[in-house]
Amino acid sequence: MKTPINGGEFLIKETKAADVFIPEEFSEEQLMMAQACQDFVDMEIMPKAEAIDGMKDPDLVPGILKKAGELGLLGISVPEEYGGLGMSFNTSMLIADIIGSAGSFSTTYGAHTGIGTLPILYYGTEEQKQKYLPKLANAEWAACYCLTEPDAGSDANSGKTKATLTEDGKHYLINGQKMWISNGGFADLFIVFARIEDDKYLSAFIVEKTFGGITMNEEEKKMGIKGSSTRQVFFNDCKVPVENLLSERGNGFKIAVNILNIGRIKLGAGVLGGCRTVLGNAIRYAGERKQFGVSINTFGAIKQKLAEMAVRTYACEALCYRAGQDVEDRMAALAAEGLSDAEAKLKGLEQFAIECAIAKVHGSEVLDYVVDQGVQVYGGMGYSADAPMERAYRDARISRIYEGTNEINRILMVGMLLKRALKGEINLMGPAMAVGEELKAVPSFEQVDTSQPMAAEKDVLNKLKKVFLMVGGRAAQVLGAKIDSEQEIMMNLADIMIEIYAAESAVLRTEKLISQRGVAQTRIQQAATQVYLFEAVEKIQTAGKEAINSFLLGDEQKVLLMGLKRFTKMEAVNVKELRREIADALIAKGNYLFFQ
């Protein structure tokens with residue numbers, strides 16, 4: 001029986017490999033859906049990539065979106081009674097993964113199916129769902145999400161857009177300015193956040209373009225994702241019927257936060273298709289490009305890059321689909337307890353908000369690494385607009401900014417964890433105090449039973465969790481409420497959390513694969529896991545040292561630094577040979593080899 005785990009508890013509890021979902025376990029039906037999506041990307045999007053980015057034809061992207069709707073790709077998460085396919089949460093993650101290779105269109109798709117559609121699905125009345133969801137699922141209408149303002153970015157609740165009730169009480173008049181609105185140029189439906197009178201929190205509204213009072217600037221000129229529509233939108237006495245208030249008055253900020261949780265974990269999965277595409281191109285180019293009379297894929301420096309790109313993608317896949325299934329399992333459990341479908345989905349996501357933020361940060365930074373190394377493998381050709389790397393490089397950069405910047409997400413994940421600990425929802429201080437007592441004791445030198453697969457790696461992970469408990473627990477005690485203003489320390493702690501979760505996800509994925517396929521058939525996965533864990537230890541050492549030196553002095557500082565050294569010990573690993581082994585397997589296949 002699967003042991004239930006709450007969000008954030010991976011830091012204090014051991015997760016069994018049998019209890020995690022790995023991408024190799026997708027069903028035939030899910031893989032067929034993914035293949036249909038890949039075929040759509042290959043036939044309808046990639047041949048038109050330059051035309052999409054050129055934005056000369058205003059009907060091109062809306063037309064592609066309509067074709068996606070005809071195939072059912074816009075209604076993955078929409079229940080059948082509202083015209084969708086009603087598929088599972090992890091299936092929607094898989095489709096986001098595949099669409100992630102579609103460059104600008106992935107932003108168009110994500111804005112429509114995620115932040116444009118889900119607020120109605122999760123918070124709308126039955127009448128609102130019946131009216132709007134079928135049109136969004138089949139792309140009769142395109143949707144966008146209007147939250148950000150010139151002075152309200154990360155601090156979304158500071159928005160100044162106003163909603164004023166008319167004298168007859170039948171409409172709200174919305175006035176204000178929104179910016180960076182994806183799909184704004186062709187959207188038929190706007191999810192708009194505005195403040196009613198002097199309410200503490202925003203409210204949300206479903207606004208049809210035909211309501212009037214909506215104008216917008218020309219398309220923004222962007223560094224990347226050039227083919228996605230991005231506009232400033234102005235509301236001037238936009239007359240919205242009172243029945244188009246979404247959820248309750250003052251509930252807009254809660255809607256925004258919960259929808260962003262979905263966006264974050266979907267973005268984590270959404271980078272994967274791009275990572276695999278870039279890596280595949282780099283592998284093939286390295287085989288074709290010759291220098292000094294040989295293909296550059298024979299050089300150790302190139303092999304290192306190819307292997308590292310694959311290693312980080314492997315860990316990111318493991319992390320995202322593990323988290324996605326945990327969310328899905330919690331949704332199902334809450335529904336079984338009697339919650340409505342919408343409530344169960346929202347509470348399930350809220351429970352794993354920490355993991356959603358981790359997926360977003362880790363995924364966006366893996367993508368940035370992969371595209372950067374892809375350019376480097378191509379060398380001078382990588383800098384040319386005629387090669388596929390140039391567009392990938394520019395398009396990737398936005399991922400670290402939208403759905404909340406990575407800095408904000410790092411601070412949020414640690415803040416959420418500490419708040420849960422203070423509320424007693426997660427027992428963080430008990431294990432932290434136990435680690436403190438362990439520091440006072442004489443170190444034990446028990447030998448790890450390495451007869452079990454991944455046993456040595458899991459022992460390293462258990463020690464890395466002690467690093468977080470030691471540093472985070474002491475920081476919380478010393479700094480108290482002031483820890484919120486110590487953003488550098490919060491980001492150090494977040495880096496430790498991220499690397500623990502990613503490394504553990506890779507370890508558990510490989511352990512489960514070994515149980516299914518055997519040791520001999522999983523040699524490359526084991527190598528990838530060992531490389532990732534080695535690097536995670538190095539990153540955690542650095543983050544831990546920075547944090548400790550930031551809030552402690554004297555003897556206590558020395559004690560924690562000694563503890564850091566003890567808990568980050570790892571047997572020597574020849575990462576050079578492991579990477580060469582991985583690279584040789586990639587080159588032999590001619591593509592990414594773990595999951596496609």
Side-chain angles (χ1 to χ4, degrees), residues 8-15 354 358 410-411 413-415 417-418 420-422 426-450 454-484 486-504 506-507 530 532-573:
E9 282 190 337
F10 68 91
L11 288 163
I12 57 172
K13 289 187 177 180
E14 183 177 356
T15 302
I354 292 169
I358 289 174
R410 280 182 161 89
I411 292 164
M413 70 178 73
V414 177
L417 183 72
L418 294 177
R420 289 185 185 183
L422 285 172
I426 179 171
N427 180 19
L428 200 63
M429 295 313 294
M433 291 174 68
V435 173
E437 291 300 314
E438 186 177 342
L439 288 176
K440 300 174 186 177
V442 177
S444 62
F445 297 97
E446 295 180 10
Q447 293 294 314
V448 178
D449 179 9
T450 56
M454 295 283 110
E457 289 79 4
K458 289 166 81 172
D459 181 61
V460 172
L461 278 167
N462 288 335
K463 291 174 183 173
L464 294 180
K465 292 179 184 184
K466 291 178 182 179
V467 171
F468 181 86
L469 293 168
M470 175 185 74
V471 180
R474 193 67 189 120
Q477 288 177 326
V478 171
L479 298 171
K482 293 180 181 178
I483 194 169
D484 285 344
E486 295 289 346
Q487 293 188 343
E488 298 93 334
I489 295 173
M490 296 276 274
M491 290 193 291
N492 290 147
L493 293 172
D495 284 341
I496 297 171
M497 285 175 67
I498 293 165
E499 290 305 322
I500 289 171
Y501 193 64
E504 183 177 60
V507 168
Q530 289 174 315
Y532 192 91
L533 184 59
F534 173 85
E535 293 169 345
V537 169
E538 295 291 313
K539 292 174 184 175
I540 288 171
Q541 280 180 338
T542 299
K545 190 180 296 183
E546 280 191 17
I548 291 167
N549 291 342
S550 297
F551 71 92
L552 290 176
L553 294 169
D555 290 342
E556 190 173 8
Q557 182 191 75
K558 291 176 182 176
V559 169
L560 260 66
L561 288 172
M562 287 174 62
L564 177 66
K565 187 175 181 180
R566 184 200 304 186
F567 295 141
T568 54
K569 278 187 178 177
M570 182 180 178
E571 290 294 322
V573 176

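Scanning for side chain to side chain donor-acceptor pair (under 3.5 Å) contacts around E504 gives R322, K465, with sequence neighbours left out. Annotation: side chain to side chain contact (heavy atoms under 4.5 Å, CB included) contacts of E546 (sequence neighbours excluded): N492, T542.
Separating the CG atom in L417 from the CD1 atom in I354 is a distance of 4.5 Å, to the nearest 0.5 Å. Rounding to the nearest 0.5 angstrom, the gap separating the CG atom in L11 from the CD1 atom in I496 is 10.0 Å. Atom-to-atom distance recorded for E538:CD and T568:OG1 is 8.5 Å, nearest 0.5 angstrom. Here the CG atom belonging to L493 is positioned 7.5 Å from the CE atom belonging to M490, to the nearest 0.5 angstrom. Taking CG of L564 as the reference point, atom CG of L439 lies at 10.5 Å (rounded to 0.5 Å). Residue M433 holds its CE atom at 12.5 Å from CG of L469, rounded to the nearest 0.5 Å.
Nearest heavy-atom pair, M497 versus M413, reported as atom, atom and distance to 0.1 Å: CE-O, 4.2 Å. Heavy atoms only, all atoms of each residue included: D484 and Q487 are closest at O-CG, 4.0 Å. For A503 against A536, the heavy-atom pair with the smallest separation is CB-CB, 4.1 Å. Minimum heavy-atom separation, A494 to V414: N-CG2, 3.6 Å. Nearest heavy-atom pair across M454 and E457 is CA-OE1, 3.2 Å.
Salt-bridge annotation for R410 and D495: present, with a side-chain N of the basic residue lying under 4.0 Å from a carboxylate O of the acidic one.
Other residues, nucleotides and ligands contribute more than 12 heavy atoms inside 6.0 Å of the CD atom of Q557. Open room surrounds NZ on K545; 12 or fewer heavy atoms of other groups in view lie less than 6.0 Å from it.
Y532 and E499 are linked by a side-chain donor-acceptor pair at a separation below 3.5 angstrom, with hydrogens and angles left out of the test.
Looking at K458 and E14, their side chains come closer than 4.5 Å, going by heavy atoms from C-beta outward.
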